[in-house]
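Below is one structure; the comments refer to it alone.
In each ligand, atom 1 is the first atom listed, and ligand 1 is the first ligand listed.
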Amino acid sequence: MLAAMRDDTRRWIQADQAHCWHPFTRQGEWCAAEHDPLVLTHGQGAWLWDSEGRRYLDGNSSIWTNIHGHAHPVITAAIRDQLEKSAHTSFLGFTHPGAAELASRLCGFFPDHTLERVFFSDDGSTAVECALKMAVQYRMQTGEPARNGFAAFSNGYHGDTLGAASLGGVGRFFEKFKGNGYPVTHVGLLDDLRALDPKTLAGVVIEPLIQGVNEMRPWPAGMLAELRAWCDQTGVHLILDEVMTGFGRTGKMFACQHENVIPDFLCLAKGLTGGYLPMAATMTTRRVYEAFLGSPERAFYYGHSYTANPAGCAAALASLDVFDQEQTLARLPVKIEHLRAGLATLKAAHPIIHDIRQCGFIAGIELRQPCGTRFPAESRVGETVCMVARAHGLLTRPILDTIVLMPTLCVTIDELDHALSALDSAFLQIPALTPTR
Ligand SMILES: *Cc1c(COP(=O)(O)O)cnc(C)c1O
């Protein structure tokens, strides 16, 4: 591989392998001679190009962030216009037009007097972190300081900062840091939650409709509404982590709208800026907000240097404009059904596919041995499939042996077919590559 490579590509890979440290990555393998990393240089719509000029469909929306495609002229122009005014100004002590407008636009998605305050931060983890700190401080300031714990769901994922990580239910990521964060009780289903003493809980945190990192696992229909009802009965705050599901991914703007649920805290990030810049928002109610008024020590002493970054706000506002201009949500159902049918065809053709899980435009394809048992972890079938699919022009990442397919919402039917056909080719090649069969 190295021999056929352009000089630039070789230089970038060498510099990366000498100095970069990648997220969730076994660096030894990343830097191994036989590893052939892609250097992505540009994108257009649903596609990405590498430094060798090869084109790939962006099959996981650049780690679940991109909404309207790459290099979208409206979003790019909005960021450029903002940069000509300022790249960043402080939100500590000042405001700016973009933040004021974006906060109003976000609140406008919810009925009056529900979610009406927006606290900006930088990424999904900090959006969750803010919700947790607000929820705990709220209890201190409303006479219930013993309600300082949280309930979260087994196998959930809410980010990697210490507070957010303490909610994490994925053992392989979070076991090492257990005991460093909030007191968290992990529950499987609602019945486990009902068994807890609500007087010890500030809030319950959930990825609504579908758990992402848990191999794309949807909740039973109606579960979210039941959870809301339990929260209403017990006074436990409902904290929805819509970092993955927000901004159209499930077919509606927000997943909670499928079950007419309004949370006490809503955490947004990945798709907020259309996937262009890192930015997050924690939304909450007047009731929560008002507990922070009054004497100085009641204020929420939390923030980041780049809070409400103007370029990020411009991107987010432009992304919301594009939802309107392109009727993104109205055009989704046809694509969602096409994806559903295409995945069913794949499943019928390949015994290696154990289960297809789909929620709107988010899909997980779980691979197992034809007898139904999981592949041994060391056979890394999911990774192999994604490497072969890459050679067929599709980029995505597996979660264990579940292949994630969640293209940008702007993808066309033809482009979806390209993705499905790349997976079809990959599955055809896999039996020969897996020693277990
Ligand atoms: C990605 C993700 C996070 C963390 O967001 P970052 O921007 O990576 O910090 C939190 N919750 C969910 C559901 C996510 O998918």
**Q.** Salt-bridge present (Glu415, Lys335; N to O < 4.0 Å)
**A.** no
Q) If you count the atoms of ligand 1 from 1 in the order shown, which ones are under 4.0 Å from a heavy atom of Asp241? A) 10 (C), 11 (N), 12 (C), 13 (C)
Q) Within 4.0 Å of atom 7 (O) of ligand 1 (strictly less), any protein heavy atom? A) yes
Q. Quick one: do Glu215 and Arg374 make a salt bridge, cutoff under 4.0 Å?
A. yes
Q) Hey, are Glu29 and Arg380 close enough for a salt bridge, meaning a charged N less than 4.0 Å from a carboxylate O? A) yes
Q) Ion pair present between Asp355 and Arg357, side-chain N to carboxylate O less than 4.0 angstrom? A) yes
Q) Is a salt bridge present between Arg368 and Glu366, judged by a nitrogen-to-oxygen distance below 4.0 Å? A) yes
Q. Heavy atom under 4.0 Å from ligand 1: found in Asp123's side chain, backbone, both, or neither?
A. both
Q | Numbered atoms and elements of ligand 1 in range of Trp64, under 4.0 angstrom, heavy atoms | A | 15 (O)
Q: For Val128 and ligand 1, answer yes if some heavy atom of the residue is under 4.0 Å from a ligand atom, otherwise no.
A: no
Q.
Below a 4.0 angstrom heavy-atom separation, can you tell me which part of Glu207, side chain or backbone, both or neither, approaches ligand 1?
A. side chain
Q) When the ring planes of Tyr302 and Phe300 are compared, do they come out parallel, tilted or perpendicular, using 30° and 60° as the limits? A) parallel
Q: Considering only NZ, NE, NH1 and NH2 on the basic side and carboxylate oxygens on the acidic side, decide whether Lys85 and Asp81 come within less than 4.0 Å.
A: no
Q.
Taking 4.0 angstrom as the limit and counting only heavy atoms of Gly124, give me the atoms of ligand 1 inside it, by number and element.
A. 4 (C), 5 (O), 6 (P), 7 (O), 9 (O)
Q) Quick one: which ligand 1 atoms are inside 4.0 Å of a heavy atom on Ser125? A) 4 (C), 5 (O), 6 (P), 9 (O)
Q) Numbering the atoms of ligand 1 from 1, which are under 4.0 Å from a heavy atom of Gly159? A) 4 (C), 10 (C)
